[in-house]
Number of protein chains: 2
Amino acid sequence: MATSNIPEATAKRLPIYYRYLNMLATAGTDHISSTELAEVVKIDPATIRRDLSYFGALGKRGYGYNVLDLLEFFKKTLSQDKLTNVALIGVGHLGQALLNYNFHQSNNTRISVAFDIDQALTGKIQSGVPVYPLEDMKEQLRLQQIKIAILTVPIEAAQAVTDDLVEAGIEGILNFTPLRISVPKRVRVQNVDLTNELQTLIYFLQHFNE
Amino acid sequence: MATSNIPEATAKRLPIYYRYLNMLATAGTDHISSTELAEVVKIDPATIRRDLSYFGALGKRGYGYNVLDLLEFFKKTLSQDKLTNVALIGVGHLGQALLNYNFHQSNNTRISVAFDIDQALTGKIQSGVPVYPLEDMKEQLRLQQIKIAILTVPIEAAQAVTDDLVEAGIEGILNFTPLRISVPKRVRVQNVDLTNELQTLIYFLQHFNE
């Protein structure tokens, strides 16, 4: 399966399919058509069929997809069959929200360690996660062999902290800062810019209503 | 200008261009080539040229784009020449982080009102924003003529609150809940699913490193 060549838009929809397949399996549904799945996940059936076809998962006419087979497949594809530990860098308001958000409630991913510069926050366990001083970051990341970091530091600190993350061997960064950080090619950055999301929504509203 | 027909991927990049053009203008840069802009915003030059061409903005060979002209144009396109008020529904951890995030620091958008079910939070002003009981939501949204809402309620409440938002005349919802909410066609939903973002990053790391 050429799973590394699928379009980014498809990759972004996989966790949605996975979550809903989980719910369907729990509800005892054993097969589902792309049209039925489309109604649940609010993605059009043609897109669903195309997405699933990248993985060689082809529904049978008149039957659709087997829910458990598809679920098992997504579990492996999304590495949900093993725990992934991630580090949180920056325990400000957004960082605290992410600590409380508990990624591991719905999937096999968890923030296992956090770092901050503020001495009032460090040396303690918060929402079940130990918070270390930022100066211990490189050492702890290497020690704990963590490869993924969530970046929620102030914009002024973003590039310097990123450089440290790269030195510590981090392979992926979920970047919540508005800075477009510079990293070597081997490191993947996924940007989540909340201001962008809001501006994009406003943009579409203005221009579709004109 | 056919600004309502541009691809969503392009629309999502517009706020990035806008933010960096602002910085360039402040720094006194008066023109920039797509290659130079590409280095700053970490988007490849061909994509930048294509994005800008949708708006009829064509750089001049050997000169590039005029920064102030482009900035002025984006300001209008992104409705940054007037203030947009948005409502925050749900002042939990993520909601509190968004209140503190202050969209209006970098642009002309602000959370002007918030709603929650928790009586310990309502009837007060938090981070400069008044927090009303959820039962006042429909009335206040109509009164304040707010058309955009940020949804950060628990998943169990998401659809019911959405139905109320639709009744109150909301036109756009920035949905932070993991539920794919149902809305009439006239309402635009932009989903920001933090678990998805993290899973997509993990997915790419796994499959590019295999």
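Naming: A, B, ... by sequence-line order, numbering from 1 per chain.
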Donor-acceptor check, side chain of [X] to backbone of [Y], threshold 3.5 angstrom: yes or no?
X         : Y         : value
Gln145(A) : Arg142(A) : no
Arg180(B) : Glu39(A)  : no
Thr152(A) : Gly90(A)  : yes

Exercise. Any luck finding a side-chain donor-acceptor pair between Gln96(B) and Gln126(B) under 3.5 Å?
Worked result: yes
Exercise. Are side-chain N/O atoms of Asp116(A) and Thr122(A) paired as donor and acceptor at under 3.5 Å?
Worked result: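 Distance-only check fails for Asp116(A) and Thr122(A).
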Problem set entry | Check ion pair Asp193(A)-Lys12(B) (N to O, under 4.0 angstrom) | no
For this session: Counting only heavy atoms closer than 4.5 Å, note whether Ile16(B) contacts chain A via side chain, backbone, both or neither.
Result: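 It is both, since atoms from each part get that close.
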Which atoms of [X] approach chain B - backbone, side chain, both or neither, heavy atom under 4.5 Å:
X         : result
Leu179(A) : both
Ile148(A) : side chain
Val40(A)  : backbone

For this session: Please tell me if the side chains of Phe176(B) and Leu98(B) come closer than 4.5 Å, counting only heavy atoms from C-beta onward.
Result: yes
Problem set entry | Residues from residues 159-169 of chain A approaching chain B under 4.5 Å (heavy atoms) | none
For this session: With Leu151(B) as reference, evaluate Ile173(B), Leu174(B), Val192(B) under the side chain to side chain contact (heavy atoms under 4.5 Å, CB included) test and give the passing residue.
Result: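 With Leu151(B) as partner, Ile173(B), Leu174(B), Val192(B) yield a single side chain to side chain contact (heavy atoms under 4.5 Å, CB included), made by Ile173(B).
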